[in-house]
Asker: 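The following block contains the structure, expressed as structure tokens.
Note that these values count all heavy atoms, side chains included, but never hydrogens, waters or copies made by symmetry. Nothing fancy with the numbering, it's 1 onward along the sequence.
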Amino acid sequence: MKFLEIDSLEQLNTVFRWETPECILNGRVEAYSCKSAGSEKKLFRQLESRYTSNDLTPGSISPDDLNIISPFGRLNETAPRKTFFYLLATLNASFPEHDFSDVRPDQFSKQPSLDLVINSVNTTLFNLGNDFIVNKYRMWDTLDDLVRLHECDVYMYSPDIDEDPMNEDGYLWSMNYFFFNRKLKRMVFFSVKSQSIANMSADEDDEVEEDDDDDMDDNA
């Protein structure tokens with residue numbers, strides 16, 4: 001996946017961090033062109049081997065499993081498998097310190113309606129005090145200009161808690177959406193995470209105490 005430097009997205013991301021009395025929220029919106037980089041060929045080969053019946057090895061998934069319909073379609077078919085690949089490659093590009101090659105198809109869900117997604121995101125942002133990114137900065141208009149939202153398939157990523165790349169100190173929740181326009185071969189990744197202020201403050205206090213202890217040891 002090729003990261004696209006878009007000025008309008010950079011502007012959104014500069015205001016996509018805010019606080020409530022209980023939590024700190026960080027959001028980001030990134031755009032990618034679906035052009036595979038050399039480093040992604042390994043991931044593509046892994047998926048081809050895993051979900052193509054001709055390449056099944058002893059102990060791998062059975063041919064019957066290949067016919068199970070994933071959120072993308074039947075993974076023994078090329079187009080659904082490519083969609084799965086693009087989503088994993090986007091996650092790898094967005095979180096380069098993590099490896100998403102073992103993420104399961106059932107950790108994604110295809111959203112039935114763009115309007116439902118927009119309403120859900122807006123409700124979350126508005127309830128947490130960030131209406132300005134939608135109203136003042138016209139976030140949805142910006143995304144529509146990039147990927148023509150009504151032509152997109154929208155997927156939500158719901159990772160297991162121990163595999164969530166956002167699971168850091170004070171982690172509360174995250175929401176992760178992919179807006180995929182097949183015709184344009186372009187992907188927008190939208191993500192927001194929430195962290196507890198109380199937990200983060202406690203961690204900072206612990207670090208201060210450790211530093212104080214180190215200073216006392218040095219002066220002893």
Asker: When you measure from the side chain of Q195 to the backbone N and O of D169, does any donor-acceptor pair fall under 3.5 Å?
Answerer: yes
Asker: Within the 4.5 Å heavy-atom criterion, are L116 and S120 side-chain neighbours or not?
Answerer: no
Asker: Please assess Q111 against S109 for the test side chain to side chain donor-acceptor pair (under 3.5 Å), listing each intermediate value before the final yes or no.
Answerer: CA-CA 6 Å; Q111 302 304 290; S109 57; 3.0 Å; yes
Asker: Please tell me whether Y155 and F180 form a close aromatic pair, meaning their ring centres lie under 6.0 Å apart.
Answerer: no
Asker: May I ask you to say whether D144 pairs ionically with R138, meaning some side-chain N is under 4.0 Å from a carboxylate O?
Answerer: no
Asker: At what distance, to the nearest 0.5 angstrom, does CG of L184 lie from SG of C34?
Answerer: 9.5 Å
Asker: Does any non-hydrogen side-chain atom of P105 lie less than 4.5 Å from one of Y51?
Answerer: yes
Asker: Indicate if M139 and V147 have the same hydrophobic cluster label, given that clusters are the connected sets of ILVMFWY residues with side-chain heavy-atom separations under 4.5 angstrom.
Answerer: yes
Asker: Can you check side chain to side chain contact (heavy atoms under 4.5 Å, CB included) on R17 and I24, steps first, answer last?
Answerer: CA-CA 8 Å; R17 184 190 185 282; I24 297 174; 3.4 Å; yes
Asker: Could you label the plane-to-plane angle of the F100 and F95 rings as parallel, tilted or perpendicular, counting under 30° as parallel and over 60° as perpendicular?
Answerer: tilted
Asker: Determine the minimum heavy-atom distance between A89 and L43, stating which atoms define it.
Answerer: N-CD2, 3.9 Å
Asker: CZ/R148 to CZ/R186 distance, rounded to the nearest 0.5 angstrom?
Answerer: 9.0 Å
Asker: Look up atom CZ in R28 and atom CD in E30, then write down how far apart they are to the nearest 0.5 Å.
Answerer: 4.5 Å
Asker: Following the transitive rule for hydrophobic clusters with a side-chain heavy-atom cut-off under 4.5 Å over Ile, Leu, Val, Met, Phe, Trp and Tyr, establish whether V154 and L125 coincide in one cluster.
Answerer: yes
Asker: Quick one: OG1 on T78 to CZ on F85, what's the gap to the nearest 0.5 Å?
Answerer: 13.5 Å
Asker: State the OG-NZ distance between S70 and K110, to the nearest 0.5 angstrom.
Answerer: 10.0 Å
Asker: We want to know whether Q107 and S158 form a side-chain donor-acceptor pair, criterion being a heavy-atom distance below 3.5 angstrom.
Answerer: no
Asker: Let me see the working for L47 and L88 under side chain to side chain contact (heavy atoms under 4.5 Å, CB included), right down to the final yes or no.
Answerer: CA-CA 10 Å; L47 294 184; L88 295 186; 4.2 Å; yes
Asker: Just checking, any donor-acceptor pair under 3.5 angstrom between side chains of D99 and S101?
Answerer: yes
Asker: Are L4 and M187 connected in a single hydrophobic cluster, I mean Ile/Leu/Val/Met/Phe/Trp/Tyr linked by side-chain heavy atoms less than 4.5 Å apart?
Answerer: no
Asker: Find out if a path of hydrophobic residues (ILVMFWY) with successive side-chain heavy-atom gaps under 4.5 Å connects V121 to F126.
Answerer: yes
Asker: Taking atom types as modelled, find out whether N122 and W140 have a side-chain donor-acceptor pair closer than 3.5 angstrom.
Answerer: yes
Asker: Hey, what do you get for CD1 (I197) to SG (C23), rounding to the nearest 0.5 Å?
Answerer: 6.5 Å
Asker: For N181 versus K183, what's the shortest heavy-atom pair and its separation?
Answerer: OD1-N, 3.0 Å
Asker: I'd like to check K35 versus K185 (side-chain heavy atoms, cut-off strictly below 4.5 Å). Are they in contact?
Answerer: no
Asker: Grab the two heavy atoms, one from R81 and one from N76, that are nearest each other, plus how far apart they are.
Answerer: NH1-C, 3.3 Å
Asker: Hey, are the side chains of N26 and W18 touching, using non-hydrogen atoms and a 4.5 Å cut-off?
Answerer: no
Asker: Any side-chain heavy atom of V117 sitting closer than 4.5 Å to one from M175?
Answerer: no
Asker: Using the rule given for side chain to side chain contact (heavy atoms under 4.5 Å, CB included), can you reason through H150 versus D115, listing the C-alpha separation, both sets of side-chain angles and the distance that settles it, and then say yes or no?
Answerer: CA-CA 9 Å; H150 286 280; D115 290 337; 4.0 Å; yes
Asker: Under 4.5 Å between side-chain heavy atoms, counting indirect links through other Ile/Leu/Val/Met/Phe/Trp/Tyr residues: same cluster for F108 and L114 or not?
Answerer: no
Asker: What is the minimum heavy-atom distance between Y171 and S174, and which atoms define it?
Answerer: OH-OG, 3.1 Å
Asker: Can you give the donor-acceptor pairs under 3.5 Å from side chains of residues 6-16 to other protein atoms, not counting sequence neighbours?
Answerer:
from	atom 1	to	atom 2	distance (Å)
N13	OD1	V29	N	2.8
N13	ND2	L9	O	3.2
N13	ND2	V29	O	3.0
T14	OG1	Q11	O	2.5

Asker: For the residue pair F190 and F179, does the interplanar ring angle fall in the parallel (under 30°), tilted (30 to 60°) or perpendicular (over 60°) class?
Answerer: perpendicular
Asker: Verify side chain to side chain contact (heavy atoms under 4.5 Å, CB included) between N130 and I133, making sure each step is shown before the conclusion.
Answerer: CA-CA 6 Å; N130 191 345; I133 197 167; 3.5 Å; yes
Asker: Can F189 and F178 be said to form a ring pair (Phe, Tyr, Trp, His ring centres under 6.0 Å), step by step?
Answerer: CA-CA 5 Å; F189 177 52; F178 300 82; 4.9 Å; yes
Asker: Taking the side chain from T123 and the backbone from N119, do they hold a donor-acceptor pair closer than 3.5 Å?
Answerer: yes
Asker: Just checking, R104 and Y157: is the charged tip under 6.0 Å from the six-membered ring centre and within 45° of the axis?
Answerer: no
Asker: Quick one: closest heavy-atom pair of L25 and S194, and the distance?
Answerer: CD2-CB, 3.9 Å
